[in-house]
Amino acid sequence: MKVQLKLEYAAFLILGILAFARTDYSWWWFAALFLAPDLSMLGYLINNKAGAFFYNLFHHFGIAVLFYLVGTALALPYLQAAGAILLSHSAFDRMLGYGLKYPDSFQNTHLGKIGKNKDSNQI
């Protein structure tokens with residue numbers, strides 16, 4: 001199942017790249033902003049619940065698609081580019097095993113535990 005999920009996320013990454021290619025923005029923008037969604041982790045400075053909320057908000061496929069579609073409908077290329085980058089970044093993160101976060105800790109994701117101690121809490 002892990003291989004299937006990684007292939008699915010690779011497909012979403014390619015889709016995001018193709019969506020960005022449909023914008024008129026330079027690829028430098030894509031490269032420069034690719035890691036920008038990770039700024040949402042600053043929410044963890046407040047607490048785990050806030051951190052998980054902001055992380056999940058900026059790593060949700062639905063939000064990425066919504067940005068892209070609204071940008072397309074309203075002819076706002078910066079929203080299209082933002083949606084494509086969000087989708088690409090989120091798919092890349094999930095390929096690496098970083099899923100959406102549960103509010104109890106950063107290491108607890110919908111794809112399983114991450115980090116150094118991930119095996120110590122496995123059932």
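Positions are given from 1 along the sequence. Keep in mind that the numbers below use all heavy atoms, side chains included, and drop hydrogens, waters and symmetry copies.
- The shortest distance between side-chain heavy atoms of His60 and Ser90 does not fall below 4.5 Å.
- Between Asp93 and Asp38, the closest side-chain pair of non-hydrogen atoms falls below 4.5 Å.
- Considering every non-hydrogen atom in both Phe67 and Gly83, the closest pair reads CB-CA, 3.7 Å.
- Remark: side-chain polar atoms of Asn56 are paired, donor with acceptor, to backbone N or O of Ala52 under 3.5 angstrom.
- With contacts defined as side-chain heavy-atom distances shorter than 4.5 Å, the pair Thr109/Leu100 does not qualify.
- The minimum heavy-atom distance linking Gly43 with Ala50 is given by the pair O-CB, 3.8 Å.
- For the residue pair Ala81 and Phe20, the shortest heavy atom distance occurs at CB-CE1, 3.8 Å.
- Inter-residue side-chain proximity for Tyr98 and Phe92 is flagged as unmet; no heavy-atom pair is nearer than 4.5 Å.
- Using a 4.5 Å heavy-atom threshold, the side chains of Lys101 and Asn108 count as separate.
- Using a 4.5 Å heavy-atom threshold, the side chains of Leu74 and Leu79 count as separate.
- Other residues, nucleotides and ligands place no more than 12 heavy atoms under 6.0 Å from the CZ atom of Phe54.
- The distance from the OG atom of Ser105 to the OH atom of Tyr44 is 7.5 Å, given to the nearest 0.5 Å.
- Counting heavy-atom neighbours within 6.0 Å of Phe30 CZ, excluding the residue itself, gives a total above 12.
- Judged purely by distance below 3.5 Å, without hydrogens or angles, the side chains of Gln80 and Thr72 pair a donor atom with an acceptor atom.
- Around atom CG of Asp24, no more than 12 heavy atoms belonging to other residues, nucleotides or ligands sit under 6.0 Å away.
- In the hydrophobic cluster analysis, where Ile, Leu, Val, Met, Phe, Trp and Tyr join through side-chain heavy atoms closer than 4.5 angstrom, Phe58 is grouped together with Leu66.
- From Ser88, atom OG reaches atom CG of Leu33 across 11.5 Å, with rounding to the nearest 0.5 Å.
- The same ILVMFWY cluster, assembled from side-chain heavy atoms under 4.5 Å apart, contains both Leu13 and Leu5.
- Asn48 approaches Pro103 most closely through the heavy-atom pair CB-O, 3.1 Å.
- By the neighbour-count criterion of 12 heavy atoms within 6.0 Å, atom CH2 of Trp27 is densely surrounded, having more than that number from other residues, nucleotides or ligands.
- Note: the hydrophobic cluster containing Met41 also contains Leu35 (ILVMFWY, side chain heavy atoms under 4.5 Å, direct or indirect links).
- Rounding to the nearest 0.5 Å gives a distance of 8.5 Å between CG of Leu86 and NE2 of His59.
- A perpendicular orientation is assigned to the rings of Phe106 and Tyr55, their planes being inclined by more than 60° (bins at 30° and 60°).
- Tyr68 does not carry Arg22 over the face of its six-membered ring by the limits of under 6.0 Å from the centre and within 45° of the normal.
- Proximity of a side-chain donor or acceptor of Arg94 to a complementary backbone N or O of Ala10 within less than 3.5 Å is not detected.
- Closest of all the heavy-atom pairs between Lys6 and Met95 is CE-O, 3.5 Å.
- Ile14 is not connected to Tyr25 by any chain of hydrophobic side-chain contacts under 4.5 Å among Ile, Leu, Val, Met, Phe, Trp and Tyr, and they are in different clusters.
- Aromatic ring pairs are classed by plane angle as parallel below 30°, tilted from 30° to 60° and perpendicular above 60°; the pair Phe12 and Phe61 is tilted.
- Taking every heavy atom of both residues into account, Ile85 and Trp29 meet most closely at CD1-O, 4.1 Å.
- Enclosure of atom CZ in Phe34 by more than 12 non-hydrogen atoms of other residues, nucleotides or ligands within 6.0 angstrom is indicated.
- Both Leu76 and Ile63 are assigned to one and the same hydrophobic cluster, defined by single-linkage of ILVMFWY side chains at heavy-atom distances under 4.5 Å.
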